[in-house]
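Since the structure comes first, as C-alpha cells, the remarks are kept for the end.
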Amino acid sequence: MAPVAPRTGDAVFANVERVNAELFTLTYGAIVRQLLTDLEEVEEVNKQLDQMGYNIGIRLIDEFLAKSNVTRCVDFKETAEVIAKVGFKMFLGVTASVTNWDADGTSCSLVLEDNPLVDFVELPDTCQGLYYCNILSGVIRGALEMVSMKTEVTWIRDMLRGDDAYELRVKLLKQVPEEYPYKDDE
Amino acid sequence: MQFFGGTEIISPSPPTPSTSVNKANMMYIFNRSGVCLLYKEWNRPLKTLNAQQDHKLMFGLLFSLKSLTAKMDPVSVDKGNLGMPQLPGQGCSFHSFCTNTYKLSFMESPSGIKIILVTHPKMGDLRESLRYIYNLYVEFVVKNPLYSPGTPIRCDLFNTSLDQYVKSLVVA
C-alpha cells in the first residue's frame with residue numbers, strides 16, 4: 001500500500017465544513033470587543049488573545065495533521081511553507097507568502113495580503129497598541145510547539161495600523177528532541 | 001473525509017457474520033510525554049502486570065524499537081549513537097511487527113500521538129485504519145471542549161465509535 005499523499009490546502013479547504021465568513025469575522029470581533037471591556041488594558045488583551053491562540057494551536061495541530069496527511073517536514077523552511085500554503089488555506093481560506101529569511105534559516109516572515117479576521121474593523125484611538133489578530137500568532141506558536149519547535153511569533157506589519165500588509169515574524173528558538181519520559185528508578 | 005454529525009462512519013469492509021470472533025486484542029493511545037490517554041482491551045486472557053507497568057512497558061518497547069530501527073536504517077546518513085534523543089520526524093519509523101501469536105500495528109503522528117493496536121497475527125495492513133482512528137481522535141476528542149489535552153480520554157462518543165470501528169476490522 002502506498003503511503004497517503006499529502007493534500008494541498010485547497011483540497012482540504014474544499015472538503016471541510018465551513019462557517020459563513022462574516023459570522024466568523026463578527027464573532028471574532030465580538031470576542032476582542034468583550035476582552036477590551038473586561039480587561040481594560042490593551043496590553044492585557046494582547047496577552048489574552050495570544051494565550052487563547054496558543055490553546056487553540058495545541059489542539060489544531062492534530063486536526064491539521066490528520067486532514068492534510070502531512071507527515072514530516074525536513075527543515076524549518078519547509079515547515080514555514082506548509083504553514084503558509086496549507087495551514088492558512090485550510091483554516092482561514094487564504095494563503096500567505098514566506099519571505100525575508102535570515103542567513104541561518106531560523107526566522108522568516110509570513111505575509112498575508114488578505115486577512116478575513118479584519119473585515120469591518122477600525123481601531124479607535126484608544127486601542128492603537130492593540131494587535132487585533134494576535135490570536136494568529138498564538139495559534140502558530142502553539143501548533144509548532146506540539147511538533148517540538150519552540151518559536152517566537154511577533155507582528156511586524158499590521159494593516160489596521162496603517163501598513164500595507166500583515167506580516168508575522170516567526171523565529172525558531174529551538175527544536176526539542178524526543179526523550180524517554182520516565183525515570184529509571186522504578 | 002468528514003466526520004461531522006457521525007453519520008458517515010465508514011468501515012473498509014463490513015464484518016462477516018461467520019467470523020464473529022473479535023480479532024483485536026487491545027489498544028493503546030499515548031501522547032508525546034508518555035501519558036497513556038487510552039487503554040482498551042477486547043480480548044486479553046492473560047495479564048501479568050498491573051495496568052501502569054503494562055503501559056510503561058509498551059511505551060518503552062516502542063521507544064526502544066524506534067531507535068533500533070532508525071539505527072539499522074541502511075539508507076539514511078545522519079545517525080547518532082543508539083539511544084540518542086531524536087527530533088520527531090527524524091529517523092525512520094516502523095509501522096508494525098508480528099509474532100506467532102499477535103501483530104502490533106503502530107502509528108505516530110508528528111505531534112507525538114502514538115496509536116497502537118494489537119491484533120490477530122493474520123491481520124492485514126492497518127496503516128489506513130490507524131489513520132482513521134487518528135481522525136476519530138481529532139473529531140471526538142481534540143475538538144471536545146470538555147477534554148483537556150494530556151489527560152486520559154473519557155469521551156463516550158469516541159469510545160463507542162472506536163469500539164464499533166475496531167470490531168469491524170476483519171482478517172483479510
Side-chain angles (χ1 to χ4, degrees), chain A residues 1-7 11-19 52 54-76 78-79 82-83 87 90-91 142-150 172 174-186, chain B residues 1-5 30-36 52-53 55-57 59-60 62-64 66-67 80 83-93 95 107-114 124-139 141-145 147-150:
Chain A
M1 187 191 67
V4 201
R7 298 162 76 191
V12 183
F13 187 66
N15 281 310
V16 290
E17 193 169 311
R18 279 160 279 168
V19 295
M52 287 165 72
Y54 176 80
N55 291 341
I56 294 173
I58 57 177
R59 290 175 182 242
L60 174 137
I61 184 68
D62 277 313
E63 182 178 5
F64 173 75
L65 294 169
K67 294 209 169 133
S68 65
N69 293 328
V70 169
T71 41
R72 62 187 216 188
C73 294
V74 286
D75 54 15
F76 189 56
E78 191 183 343
T79 309
V82 168
I83 295 171
M90 187 170 157
F91 293 106
L144 286 180
E145 188 169 315
M146 286 295 116
V147 286
S148 304
M149 291 178 212
K150 286 261 183 211
L172 177 67
K174 79 177 219 225
Q175 283 185 295
V176 194
E178 190 175 22
E179 285 185 44
Y180 191 64
Y182 307 124
K183 300 262 184 311
D184 283 339
D185 52 11
E186 289 170 90
Chain B
M1 224 183 323
Q2 259 187 32
F3 302 96
F4 291 103
F30 291 98
N31 75 354
R32 51 192 279 116
S33 40
V35 180
C36 185
Q52 213 201 349
Q53 281 175 317
H55 299 163
K56 271 177 103 169
L57 194 64
F59 189 88
L62 298 171
F63 198 91
S64 321
K66 240 180 67 180
S67 53
M84 201 187 74
Q86 288 180 326
L87 293 171
Q90 220 178 26
C92 58
S93 178
H95 45 81
M107 185 200 106
E108 183 177 21
S109 80
S111 58
I113 300 290
K114 297 176 178 61
D125 192 331
L126 287 179
R127 276 180 281 174
E128 271 301 296
S129 313
L130 293 180
R131 277 209 75 84
Y132 181 86
I133 292 169
Y134 183 45
N135 272 290
L136 287 180
Y137 166 79
V138 168
E139 292 301 325
V141 181
V142 177
K143 287 192 185 172
N144 184 345
Y147 172 73
S148 37

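Quick caveat, the model's predicted, so the values are computed rather than measured. By convention in this document, chain letters (A, B, ...) are assigned in the order of the sequence lines, proteins followed by strands, and residues within each chain are numbered from 1.
- Proximity to chain B (any heavy atom under 4.5 Å) is restricted, for A/V70, to the backbone atoms N, CA, C and O.
- The closest side-chain heavy-atom distance from B/P110 to A/M146 is not below 4.5 Å.
- The residue among B/F59, B/Y147, B/Y137 with the most heavy atom pairs within less than 4.5 Å of chain A is B/F59.
- We find that A/K67 and B/E139 are joined by a salt bridge, their nearest charged nitrogen and carboxylate oxygen being less than 4.0 Å apart.
- Legend: residues meeting side chain to side chain donor-acceptor pair (under 3.5 Å) with A/S68, ordered by chain and number and at least two apart, are absent.
- One finds the OG atom of B/S111 at 12.0 Å from the CG atom of A/L144 (value rounded to the nearest 0.5 Å).
- Only the side chain of B/E108 comes within contact range of chain A, judged by heavy atoms closer than 4.5 Å.
- Looking at A/R59, its side chain never comes within 3.5 Å of a backbone N or O of B/V138 through a donor-acceptor pair.
- Looking at B/N144, the atoms closer than 4.5 Å to chain A (heavy atoms on both sides) all sit in the backbone: N, CA, C or O.
- Between the CZ atom of B/R131 and the CG atom of A/L65 there is a distance of 8.5 Å, given to the nearest 0.5 Å.
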